[in-house]
Structure formats: structure tokens, C-alpha cells
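Keep in mind it's a predicted model, so treat the numbers as computed, not measured. Every chain is numbered from 1, with letters handed out A, B, ... down the list of sequences.
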Amino acid sequence: MKIATFNINGIKARVNALTDWLDEAQPDVALLQEIKSVDENFPRELFEDRGYSVETHGQKSFNGVAILSKLPLEDVQRGLPGDETDEQARWIEATVVGKQALRVCGLYLPNGNPAPGPKFDYKLSWMERLYHRARELMQSEEPALMAGDYNIIPQEEDAKRPEAWREDALFRPESRAAFRRIVNLGFTDAFRARVQGPGHYSFWDYQAGAWNRNDGIRIDHLLLNPQAADLLVDCRIDSEIRGREKPSDHVPVWAEMDI
DNA sequence: ATGTCCAATTTTATTGGA
């Protein structure tokens, strides 16, 4: 099973880029972030015509997450538990039913800039809630993964110019420590389990020719609990599509799972 | 500090978010 995460930066603007990539990469499951659409306006037929089940958790203008799956989805949950007053659509999870069940969680973690400030506080409190959900997935002992745009640069090797991100909410010590606290529960960063070394990025800013200079950062991650990590076969970044027409500023990251 | 892009409203121009 091939499972991918992709921050598309707006479904309306990314219909062609997304369908082209789906047709080529043929993921069984795609976790999408920043659909920037309410559920009613999401062009679900485009994906249903390609054999995908579609589950969305959208909102007007910003954020929004979705799951596309060629296998049946069960027990869909929308919204990250822990704060009933949080109205930002950043979390969706479901069970993918294959020969073995896999719980998949799609997330769009808050950017957090400017830091310090209320947006940074929201990022850290959201990560505290994520920690609690992650602990439950660890205790379940069933294969589970959390994938999406974490808006976290884990290490210096995950940025072309780490010094430029030193004060940024994506790289500040508090952000990275909150990320490590979750990983340290026992999750595997699927990409780093398969590929080592610098120069591997999943986001390049639209500005200042970042793509042409390969001035990127790795902020889209798949975290696997131990039962899911047992099934990991490969993990790659489809960086090439960043150079196409009307690209998202992110590219897909996918894992092949023996399931 | 920003050379870009996206969505929505203030709508053929501006603003917020990233």
C-alpha cells in the first residue's frame, strides 16, 4: 500500500496538478492538507471517478484536510480532540481497511508565526493535544500513522539554510522540542528510516527563486507507531513536481507499506 | 525585507495567511 501526504495549497488552484500526480503516482491513500474549501465545494467527483473514497474536513478560505483512499474507510473522525472551542480544520483520521487495518491521521499543524505571540502559543498548545492523541495511538498497539504538514523542521540537515530559520516558528527550540516529545513516544520518521543525509526537502517558498536554488525545508512528515513501522518498505519525496506548472509550494511525501 | 501565491472581499484592487 502506497500512502502519501501532500499539502496542496488550495484545491481549486491545484485540480490539475493534483490529478496529474495521482494518475502518475497512483497512491492508495492520499492525505491532503490546505484544501482551503468547505466540504460542499470540494470536487469529490474528480477523485471518485478515479476510484477513491473521499472524506473531507474543510472550512472557508483556510486550512482544511482530506483523505482519498482506494480502500474502504471506516470510523472517520474530524478534529483533533482536546479543545471543543478550536474551529480550525486541521485534523482528520480514519481506518483504512485492507487485509490488515491501518489507522491513518492527516494533520495540518499550525504554522505559528510570528513567534513569540498568540499564533505561536496556539501552535504549541495544538502540539500538546497532538501529543495526547499520539500517546493513545502508541497504546493501541494497532498499526497507525500520523502524516501531514507538521510545519516543523526537525534538524539542521532538514533545511538548506538553517540559519535563516533560527527565529522562525518552524525551527525554534520550543517547536522542535515539542516535535521530539511526540517522536520520543516511539514513533518512526518514515523518511529518515529510509534516507539519511542533507538535501531532502518537501517545501520551497514561492519567493526569491527558492526552488531554483533548492532553498528548501523538510516539514512534511509521516510518523509511524511501532506496529506501522514494522510494515514500512520505502519512503520518498516526489520533489520533481515542484518544478511543474502552477505547483503547490509543498510536494508529496509517500511511504510504501507491506499491508 | 521579501523577488510569490491563494482566497475572499473591500472586487479589475486590497488584505490576511502562509
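For the pair A:Y206 OH and B:dG17 C1', the interatomic distance rounds to 13 Å; values are reported in whole Å. Atom-to-atom, CG of A:D168 to P of B:dT2 comes out at 16 Å; the value is rounded to the nearest Å. Put simply, CD on A:Q33 is 17 Å from C1' on B:dG17, counting in whole angstrom units. Across the protein-nucleic acid pair, A:N111 atom CG and B:dA18 atom P stand 5 Å apart, rounded to whole Å. Separating the CZ atom of A:R242 from the C1' atom of B:dT4 is a distance of 9 Å, rounded to the nearest angstrom. Summarising the geometry, the separation between OH on A:Y122 and P on B:dG17 is reported as 13 Å, rounded to the nearest angstrom. Atom CG in A:N212 sits about 12 Å away from atom P in B:dT4, given to the nearest Å. Separating the CG atom of A:D249 from the P atom of B:dA7 is a distance of 12 Å, rounded to the nearest angstrom.
Under the 6.0 Å distance and 45° angle rule, A:R176 counts as a cation-pi partner of A:F171.
Residue A:K36 has no polar side-chain atom (N or O) positioned under 4.0 Å from OP1 or OP2 of B:dA18. Between A:R14 and B:dC6, a side-chain N or O to OP1/OP2 separation shorter than 4.0 Å is present.
Looking at A:K123 and A:E174, no side-chain N of the basic residue comes within less than 4.0 Å of a carboxylate O on the acidic one, giving no salt bridge. With salt bridges taken as basic N to acidic carboxylate O contacts below 4.0 Å, none links A:R78 and A:D39.
To the nearest whole angstrom, the two P atoms, one in B:dG16 and one in B:dT2, are 15 Å apart. Distance check on atom P: B:dC6 versus B:dT10 gives 22 Å, rounded to whole Å. Taking the C1' atom of each, B:dT12 and B:dG17 are spaced 22 Å apart, rounded to whole Å.
Considering only side-chain atoms of A:R213, the nucleotide from B:dC6, B:dG3, B:dA18 that sits closest is B:dG3. When the nucleotides B:dG17, B:dG3, B:dA18 are ranked by their closest atom to the side chain of A:F62, B:dG17 comes out on top. With B:dT9, B:dA18, B:dA7 as the candidates, the nucleotide lying closest to the side chain of A:K60 is B:dT9.
Two residues, A:E34 and A:S37, neighbour DNA chain B, and the one matched to the more 5' nucleotide by heavy-atom proximity is A:S37. Looking at which nucleotide of DNA chain B each of A:K119 and A:I11 is closest to, the 5′-most match is held by A:I11.
In this structure, A:Y108 reaches the sugar-phosphate backbone alone: every heavy-atom distance under 4.0 Å involves primed, P, OP1 or OP2 atoms, never a base. Within 4.0 Å of A:A13, counting heavy atoms only, lie sugar-phosphate atoms of the nucleic acid but no base atom.
Contact record, A:V65 with A:L107: CG1-C, 4.4 Å, taken as the closest heavy-atom pair. In terms of heavy atoms, A:M138 sits closest to A:P226 at SD-CD, 3.3 Å.
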